[in-house]
Protein chains: 2
Amino acid sequence: MKLKSVDISKTASASSIVFEALRKAIIEGELTEGEPLRQDEIARLFNTSRIPVREAISRLEEQGLVKTQRYKGAVVSGLSVGEAEEIFDFRALIEPEVIRRAVPLMSPDILDAARASCAAFSESSDPMRWGDLNRDFHSALYSASGLQYHLDVIDNAMDRVDRYLRAQLVLSNGMERANDEHLMILEACAAGDASLAAERTRLHITSARQSLIQNIHSLR
Amino acid sequence: MKLKSVDISKTASASSIVFEALRKAIIEGELTEGEPLRQDEIARLFNTSRIPVREAISRLEEQGLVKTQRYKGAVVSGLSVGEAEEIFDFRALIEPEVIRRAVPLMSPDILDAARASCAAFSESSDPMRWGDLNRDFHSALYSASGLQYHLDVIDNAMDRVDRYLRAQLVLSNGMERANDEHLMILEACAAGDASLAAERTRLHITSARQSLIQNIHSLR
DNA sequence: ATTCAGTAGATTGGATCCAGAAAATGGCAC
DNA sequence: GTGCCATTTTCTGGATCCAATCTACTGAAT
């Protein structure tokens with residue numbers, strides 16, 4: 001008997017559907033900073049009651065994506081430029097190390113997947129997709145490390161600065177430079193040079209940070 | 001009229017009380033790995049309904065402290081030795097950098113606070129308190145950095161390995177060595193030598209990691 | 001004895017309902 | 001018209017209730 005096995009226990013609950021949807025909406029900037037999340041409204045939107053919505057919101061708060069005040073509700077939590085810088089610094093610290101440890105473990109499959117994401121990134125003309133493809137590329141490489149905790153932490157950091165990352169890609173020549181840097185990182189990985197890949201990853205992140213700071217005026 | 005002002009908006013909600021209590025119980029090992037969390041039971045324990053309990057559990061899951069399966073409930077999520085090692089590696093990467101950036105900003109007040117925690121740590125004969133005092137000491141120093149995101153991430157990492165940390169302190173001469181290392185770190189901080197403080201912090205963490213691996217048998 | 005369907009109890013996920021707090025509204029004095 | 005207080009409305013936090021699912025047990029067929 002050949003059946004595609006589906007882990008039935010992982011069918012999504014209402015609360016996780018709401019959680020994922022809100023998370024996506026927040027990191028992509030559809031819900032903007034300070035915007036209040038009305039439980040009723042969201043519940044109606046998803047044809048559910050407020051209970052799953054509240055669970056979703058409390059999870060979002062744990063992730064730092066919203067802030068709640070008792071009896072006042074939740075608002076999308078913004079990120080000051082200073083906070084964004086801090087998170088870029090954080091990424092510049094951890095991601096190079098993850099890729100350093102990933103390089104020796106990179107299978108051809110993984111390199112191919114990364115190449116594919118990279119190509120899709122460079123070819124896409126839709127700025128809205130750049131953010132996703134950019135993350136796909138990095139995730140593909142990092143995942144080879146097998147460092148689950150590190151990967152989770154990186155994901156959270158990326159979530160938080162996602163809006164800034166997207167903004168940074170569309171302005172000036174952010175997209176072109178990111179693509180160049182991706183190719184350089186890929187090259188180092190393919191060559192098996194872990195230290196070089198790490199250093200290039202570090203530069204990739206710090207250059208995004210720099211570009212963010214310089215263009216801060218056009219973002220606000 | 002002199003009244004001690006209390007921010008009434010921060011009076012804890014039922015769900016956060018439950019959350020904090022469960023978090024503490026888990027990281028201190030009162031609730032052991034694999035132990036199921038029965039919503040009813042917990043609700044009765046706190047004289048509340050299951051709603052706040054469920055919110056607390058979903059927050060705990062977001063923090064990685066429990067794992068839930070749909071319709072089956074939540075169990076305290078354990079940590080394999082490999083995962084604990086990964087988190088120690090993570091700490092060894094990030095905490096030195098935080099202290100490096102904290103040193104130039106350390107006021108005498110903060111140094112005093114750290115000295116106090118350190119002294120309390122060395123004098124305490126209650127193994128159950130060592131874990132707390134150890135964290136107090138490090139937190140005091142790190143907090144000077146003002147890097148809120150880094151601090152949050154470190155807290156989460158500490159939560160996850162708290163049980164291993166405590167275990168590591170009680171066995172062999174873990175406590176003595178930790179105390180020596182604390183004094184060395186403190187000395188470097190007081191002298192304003194950021195790089196030295198960073199390096200000593202790194203060694204402090206990797207030595208705990210080593211000790212954990214060597215004594216792994218006696219822990220299981 | 002073993003295996004399997006069927007059932008009852010336990011447990012979770014979600015809906016509805018209620019109380020308390022915050023915001024909005026509407027007089028009312030000035 | 002403006003500022004202030006009371007009332008109404010809106011909204012959140014929590015309690016209770018219901019449905020869906022899991023689990024343990026029973027008992028019958030083989």
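Every heavy atom of this structure was used, including side-chain atoms; hydrogens, water molecules and symmetry mates were not. Below, read A as the first sequence line, B as the second, and so on, with proteins coming before strands; counting in each chain starts at 1.
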Contact list (N/O, under 3.5 angstrom) for nucleotides 6-11 of chain D vs protein:
unit_1  : atom_1 : unit_2   : atom_2 : d
dC11(D) : O3'    : Arg38(A) : NH1    : 3.4

Under 3.5 Å, N/O pairs linking protein and nucleotides 15-19 of chain C:
unit_1  : atom_1 : unit_2   : atom_2 : d
dA15(C) : OP2    : Thr48(A) : OG1    : 2.7
dA15(C) : OP2    : Ser49(A) : N      : 2.6
dA15(C) : OP2    : Ser49(A) : OG     : 2.7

Legend entry - Main-chain N/O of His150(B) paired to Glu86(A) side chain as donor or acceptor, under 3.5 Å: yes
Legend entry - Heavy-atom closest pair, residues Glu55(B) and Ser58(A): CG-OG, 3.9 Å
Inset, instruction - Dump the intermediate steps for side-chain contact (heavy atoms from CB on, under 4.5 Å) on Asp132(A) and Glu28(A), then the final yes or no. - result: CA-CA 10 Å; Asp132(A) 289 329; Glu28(A) 292 186 355; 4.2 Å; yes
Inset, instruction - Would you please enumerate the stems DNA chain D participates in, each stem being three or more consecutive Watson-Crick or G-U wobble pairs with both distances under 3.5 Å? - result: C:1-30 with D:1-30
Inset, instruction - Could you tell me whether Glu61(A) and Lys67(A) have a side-chain N and a carboxylate O separated by less than 4.0 Å? - result: no
Legend entry - Presence of salt bridge, Asp159(B) and Arg135(B), under 4.0 angstrom: yes
Name the atoms and distances for all side-chain donor-acceptor pairs under 3.5 Å in residues 90-104 of chain B, with sequence neighbours left out.
unit_1    : atom_1 : unit_2    : atom_2 : d
Arg91(B)  : NE     : Glu95(B)  : OE2    : 2.5
Arg91(B)  : NH2    : Glu95(B)  : OE1    : 3.3
Arg91(B)  : NH2    : Glu95(B)  : OE2    : 3.4
Glu95(B)  : OE1    : Tyr142(B) : OH     : 2.4
Glu97(B)  : OE1    : Arg100(B) : NE     : 3.2
Arg100(B) : NH1    : Ser195(B) : OG     : 3.2
Arg101(B) : NH1    : Asp89(A)  : OD2    : 3.2

Inset, instruction - Could you walk me through whether Asn215(A) and Ser211(A) pass side-chain contact (heavy atoms from CB on, under 4.5 Å), step by step? - result: CA-CA 6 Å; Asn215(A) 294 284; Ser211(A) 155; 3.6 Å; yes
Legend entry - Interatomic distance, Glu55(A) CD vs dT12(D) C1' [rounded to whole Å]: 16 Å
Inset, instruction - Round to a whole Å and report the spacing from CZ of Arg70(B) to C1' of dT11(C). - result: 14 Å
Legend entry - Non-neighbouring partners of Arg115(A) that pass salt bridge (Lys or Arg N to Asp or Glu O under 4.0 Å), sequence neighbours left out: Asp112(A)
Inset, instruction - Kindly state each residue pair satisfying side-chain hydrogen bond (donor to acceptor under 3.5 Å, both in side chains) with at least one member in residues 41-53 of chain A, sequence neighbours excluded. - result: Gln39(A)-Arg50(A)
Inset, instruction - Report the distance from atom CZ of Phe121(A) to atom NE2 of His138(A), rounding to the nearest 0.5 Å. - result: 8.0 Å
